[in-house]
Amino acid sequence: MSGTESAELLAAVRQFLREEVLPELDGFKAYTTRVAANALGIVAREMEMGADLAELDKQIASALNLDAQAGPVMRQIALALRDGTMDEDQRILEYLKQRTLHACAIDNPKYSGLHQARSRWVR
Amino acid sequence: MIVETRTGTLVEAMAEGLQVALLSAEKAASANGARIASLTRLSGGANMETWSFDWVKASDIEPLILRRSPGEARDFEHTVGELMLKDEAALIDVAGRYGVPVPAVRLVLRPEHALGQGYIMSRERGEALPFRLLADDCYRDAREGLAFQCGQTLGRIHKIPLEALPVGLSDHSGELLFKRAQDMLDAHGNLAPVLQLGLNWLRDRPRREVPRTLVHGDFRNGNLLVDEAGLVAVLDWELAHLGNPVQDLGYLCANVWRFGSPKPVGGFGDYADLLAGYKSVTGIAPPLADIHYWQVHAALSWGMVCLRMLEMYRNGEDSSLERAAVGRRLSEAEIDLLLLMEGDCV
């Protein structure tokens with residue numbers, strides 16, 4: 001790409017919201033503007049790290065012999081857990097922990113639970 | 001402050017509507033010429049608004065809050081949370097009579113007021129913003145006694161006799177709790193296996209059945225109005241229902257409502273103080289294992305709230321940015337569920 005990268009545009013809009021718009025506002029609009037800037041942060045992090053999630057899904061699908069045509073991996077696992085057709089074994093638990101660590105790192109890297117989870121589950 | 005013309009007109013029309021509604025309820029001649037001042041939107045999504053304003057009379061100024069769900073008269077029966085707003089107002093009234101600190105309900109909106117569904121209540125002084133409450137020096141003393149006060153207050157809420165409660169509270173006791181949760185996960189396309197894991201854990205774990213009581217359902221840091229001396233009022237009763245009282249205790253201790261603070265009770269207190277306060281009113285203190293059980297439930301509930309917000313955003317019920325953003329906080333609930341299912345209270 002020869003022009004401004006998407007990640008750069010996101011960073012620029014985020015900075016604009018935080019540094020130029022936010023100081024002009026108060027109350028509900030200031031709060032919502034902060035939410036808007038955070039949302040752009042999520043998109044930026046997903047662009048950077050989202051492939052890790054897809055990779056984890058691919059690995060578990062192959063380990064459990066899931067049918068790629070049968071819908072999203074997450075749904076197949078959720079339904080199997082609901083119906084009791086899949087044991088809550090270590091492999092699935094481990095996948096869900098690693099996937100949730102990655103997802104939370106994208107969604108809210110400052111979340112207190114994430115720090116605790118990392119100290120317990122990061123290999 | 002930037003005010004768009006459209007917003008300005010909306011605020012003017014609303015002030016006029018509020019004036020008519022309040023005047024219709026005033027009997028004293030001194031209310032003649034009373035007017036609305038300082039009307040400001042405080043928070044909320046597109047279908048639940050909180051507004052602050054003053055009712056200025058010749059003799060005094062009354063600080064008030066409007067909580068409303070805007071909409072046409074035909075939407076009047078539409079329920080936003082568990083309770084319709086008029087039932088929420090009735091419940092707050094009852095809670096106040098049983099010694100629970102609550103705002104005074106001033107007026108319940110009727111269709112002819114054309115302001116939507118909602119009610120007007122007293123605006124008590126104090127702070128409900130979690131970050132201020134947890135960080136500001138002026139709340140140091142308040143924080144010290146708050147867990148005990150929360151225990152006392154929850155004790156009072158749970159002691160309200162069932163026959164004193166308004167009708168129409170939904171029942172979440174026993175198996176109904178699991179059925180509701182499973183229906184919700186199914187309705188959202190079963191895309192969250194960690195929530196399913198949490199629900200299985202709750203369903204399969206032995207639990208102590210206790211007589212059902214009123215459950216506030218959203219008793220947490222953020223819905224507690226606090227001043228320098230301590231708890232002033234319990235807000236946001238829209239999720240109230242009948243169920244297991246320990247649910248409220250576990251919910252108050254949920255990680256998501258500690259706002260990053262290491263203190264387990266709402267980010268401001270310790271389990272022992274909460275339970276001592278509860279015992280001082282009810283004579284019993286549930287074991288920590290029960291609190292842990294309901295912490296798992298609180299994490300699952302938060303996950304389901306995220307799914308519900310996402311649904312509201314997607315189906316156009318409430319297409320606000322706030323709803324879209326909360327829908328993305330699902331992974332917080334999942335982290336907490338996975339942590340809690342590994343062991344004891346976190």
Side-chain angles (χ1 to χ4, degrees), chain A residues 21 24-43 46 53 60 71-84 86 88 92-121, chain B residues 1-4 7 40-45 49-52 129 182 185-186 188-201 204 254-256 258-262 267 299 306 320-343 346:
Chain A
V21 180
E24 301 282 330
L25 304 172
D26 53 23
F28 184 62
K29 285 204 172 154
Y31 165 75
T32 313
T33 303
R34 227 171 272 124
V35 173
N38 282 343
L40 296 183
I42 294 173
V43 177
E46 181 165 336
L53 290 179
I60 193 77
V73 170
M74 297 279 273
R75 176 179 288 137
Q76 291 192 52
I77 294 179
L79 287 174
L81 291 173
R82 182 192 71 179
D83 301 335
M86 186 187 278
E88 293 171 12
I92 293 171
L93 206 56
E94 185 57 26
Y95 154 72
L96 292 176
K97 284 178 186 171
Q98 295 305 322
R99 195 185 199 284
T100 307
L101 279 176
H102 279 82
C104 196
I106 291 171
D107 299 343
N108 184 2
K110 290 183 190 156
Y111 188 56
S112 64
L114 178 61
H115 301 298
Q116 202 180 345
R118 272 202 183 116
S119 67
R120 284 202 207 170
W121 306 334
Chain B
M1 167 121 186
I2 302 162
V3 177
E4 309 156 12
T7 315
T40 333
R41 171 114 185 241
L42 294 181
S43 69
E49 301 177 354
T50 306
W51 294 78
S52 164
L129 285 176
Q182 188 63 63
L185 296 184
D186 291 348
H188 286 279
N190 303 96
L191 284 163
V194 177
L195 300 193
Q196 185 66 53
L197 215 52
L199 176 55
N200 290 0
W201 188 97
D204 299 341
N255 188 40
V256 66
R258 293 177 197 166
F259 299 92
S261 157
C306 295
S320 66
L321 167 60
E322 203 185 359
R323 294 291 178 261
V326 172
R328 194 60 190 252
R329 294 181 65 185
L330 182 61
S331 54
E332 295 176 16
E334 294 177 329
I335 283 272
D336 287 345
L337 273 173
L338 290 165
L339 283 170
L340 283 161
M341 286 188 290
E342 283 192 333
V346 292

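In the text below, chain A, chain B and the rest are named by the order of the sequence lines, each starting its count at 1.
By the side chain to side chain donor-acceptor pair (under 3.5 Å) test, A:Glu94 pairs with A:Gln98, sequence neighbours left out. For A:Arg99, the salt bridge (Lys or Arg N to Asp or Glu O under 4.0 Å) partners at least two apart in sequence or on another chain are A:Asp57.
With a threshold of 4.5 angstrom between heavy atoms, A:Ile106 approaches chain B through side-chain atoms but not through N, CA, C or O. Using a 4.5 Å cut-off between heavy atoms, B:Ala192 touches chain A through its backbone atoms (N, CA, C, O) alone.
Looking at B:Leu197 and A:Leu93, their side chains come closer than 4.5 Å, going by heavy atoms from C-beta outward. The side-chain heavy atoms of A:Ile42 and B:Arg328, taken from C-beta on, include a pair separated by under 4.5 Å. In this structure the side chain of A:Asn108 never reaches within 4.5 angstrom of the side chain of B:Ser331, judged on heavy atoms. Considering only heavy atoms from C-beta on, B:Leu129 stays 4.5 Å or farther from A:Tyr31 through its side chain. Side-chain atoms of A:Phe28 and B:Thr40, non-hydrogen and from C-beta on, never get closer than 4.5 Å to each other.
Comparing B:Leu199, B:Val326, B:Asp186 by how many heavy-atom pairs each has under 4.5 Å with chain A, the most go to B:Asp186. In terms of heavy-atom pairs under 4.5 angstrom with chain A, the leader among B:Glu332, B:Met341, B:Gln182, B:Glu334 is B:Glu332.
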Next on the checklist: Would A:Trp121 and B:Ile335 count as a side chain to side chain contact (heavy atoms under 4.5 Å, CB included) here? Give the steps.
Outcome noted: CA-CA 11 Å; A:Trp121 306 334; B:Ile335 283 272; 4.2 Å; yes
